[in-house]
Amino acid sequence: MKNTPKISFTKDLQYYKFCIYGFLKNLRFFEPFLILFFLENGLTFFQIGTLYAIREIVRNIFEIPSGIFADAIGRRRSMIITFIFYIISFLIFYFSNVYYLFFIAMLFFSIGDAFRTGTHKAMIFEYLKIKAWQDQKIHYYGHTRSWSQFGSGISALLAAFVVFFHGNYNSIFLFTIIPYLIDLMLMISYPKELDGKTKMLKTEKIKESFLRIFKDLRYTFKKPEVLRAIVNTSSYSGYYKAVKDYIQPILHAFALSLPMFLYMNNKQRSSIIIGVVYFLIFLLTSITSRHSGKFADKFKNISKPLNITLLIGLSAGILSGIFYNINISIISILLYVIIFVIENLRKPIGISFVAEKIEKDIMATALSVESQVKSIFAAITAILIGYFSDIFNPGIALAICSGIILLLYPLFKAKQKRKPRMH
């Protein structure tokens, strides 16, 4: 039996700061009600789709130079600017009720998200380096990350509480500012040495970053096997990011159909159902993610679970849409939950599959391209589901988008090289 490595890091003040950051950062109270908020303000589903597409595209574009920017001004300062962008975004959302202002708010949010991604993780690893705890990387990061997952679950319940007592959706943006302001203050209190070594900001380096991405994309398209692996893993993730929030109008309709809580207004009734269902989803996806490895071990090669989960997830999307359309909401919701579960089951398997197909020295290239492809899938799917929702309804739109990707499945079916036969 293997000896379990002992945890040798100290749970000092900075450790708790890292944990609190993760918990507060995931208190995004608006997430379970975002589509309902937009609909209440008179936006069409197509307009909502374009906002989601903009979020993905802008975040992806700004992610490319974000590391260079953080190195130039310092990681801590970069994170402070990130939270300022977030708070400006939330304020615009709170005070707005028209599409073009939501567009501006989404731009601020996307840029904030782009500059946050990876920067805080780099600060944790910098701290471990300073303390000579590099060998504790997995344990330490795992501990701090668990607080983020806990924050997601609590966020759904608190969001439901806010909507229930305030009776409107825009107030959730105002309440989201509170944990983000605390996180901003927390970031200011981080030790300056976590900034890392600052380097001069040069436009040439930013240009090089964009050129490298294009070079990576070109390289990937020249390698059909690598491209297929990347598209297989990123297609479902992009689909998931685009469609996951469309469970909200389904939950809202289901809550109003229930012969209970009739003394409450519509928002109060739906807030209870949405809060509880989202909390259970986060709980379920957390468990699923933890058991992803055990699931993959049941198969002879990684390609099989990837293909099976892709087919199950997309089929669940088609059936969920159909059941919603024929007013059997409870089955539609249960099938929709499968879409969430599949994403968390696939993600660790997908990363392992890409790593298996690609040489170690170009792993960064592959992950970079995977991120770009995922954003492209998410943006296209977001616009399509919005467009079809306006023509039909969210259920039919979900079924159509799931069906289109399912039809494309033969193009990016994961394949494992056959072992040569022994004579």
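Numbering starts at 1 and runs along the sequence shown.
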Give a yes-or-no answer on whether the side chains of [X] and [Y] include a donor-acceptor pair shorter than 3.5 Å.
X: S303; Y: N301; value: yes
X: S320; Y: S332; value: yes
X: N60; Y: S375; value: yes
X: H252; Y: S270; value: yes
X: Y278; Y: Q248; value: yes
X: S171; Y: N168; value: yes
X: Y240; Y: R346; value: no
X: N26; Y: Y21; value: no
X: S402; Y: Y239; value: yes
X: E343; Y: S237; value: yes

Ring centres under 6.0 Å, that's the criterion: do [X] and [Y] meet it?
X: F69; Y: F115; value: yes
X: F37; Y: F102; value: yes
X: F150; Y: F23; value: yes
X: F165; Y: F161; value: yes
X: F29; Y: F175; value: no

Judged by atom type as modelled, is there a donor-acceptor pair below 3.5 Å linking the side chain of [X] to the main-chain atoms of [Y]?
X: S257; Y: F254; result: yes
X: Q47; Y: T44; result: yes
X: T309; Y: L306; result: yes

Next item on the list: Answer yes or no for R28 and F30: cation-pi contact, defined as NZ/CZ to six-membered ring centre under 6.0 Å and angle to ring axis within 45°.
Entry: no
Item checked: cation_pi(K244, F340) dist<6.0 Å, angle<=45 -> no
Notebook entry, point to check: How many angstroms lie between atom CG of L27 and atom NZ of K25, to the nearest 0.5 angstrom?
Noted result: 10.0 Å
Note to self: With rounding to the nearest 0.5 angstrom, report the CD1 to CG distance, I35 to D245.
What the structure shows: 5.0 Å
Specify whether [X] and [Y] have parallel, tilted or perpendicular ring planes, treating 30° as the upper limit for parallel and 60° as the lower limit for perpendicular.
X: Y140; Y: W133; result: tilted
X: F18; Y: H120; result: perpendicular
X: F90; Y: F109; result: tilted
X: F299; Y: F295; result: perpendicular

Next item on the list: Report the C-alpha separation of D113 and R59 in whole Å, then their side-chain angles, then the decisive distance to 0.1 Å, and conclude whether the salt bridge (Lys or Arg N to Asp or Glu O under 4.0 Å) test is met.
Entry: CA-CA 6 Å; D113 234 21; R59 181 199 285 151; 2.9 Å; yes
Next item on the list: Decide, yes or no, whether a salt bridge links R75 with D195 under the criterion of side-chain N to carboxylate O below 4.0 Å.
Entry: no
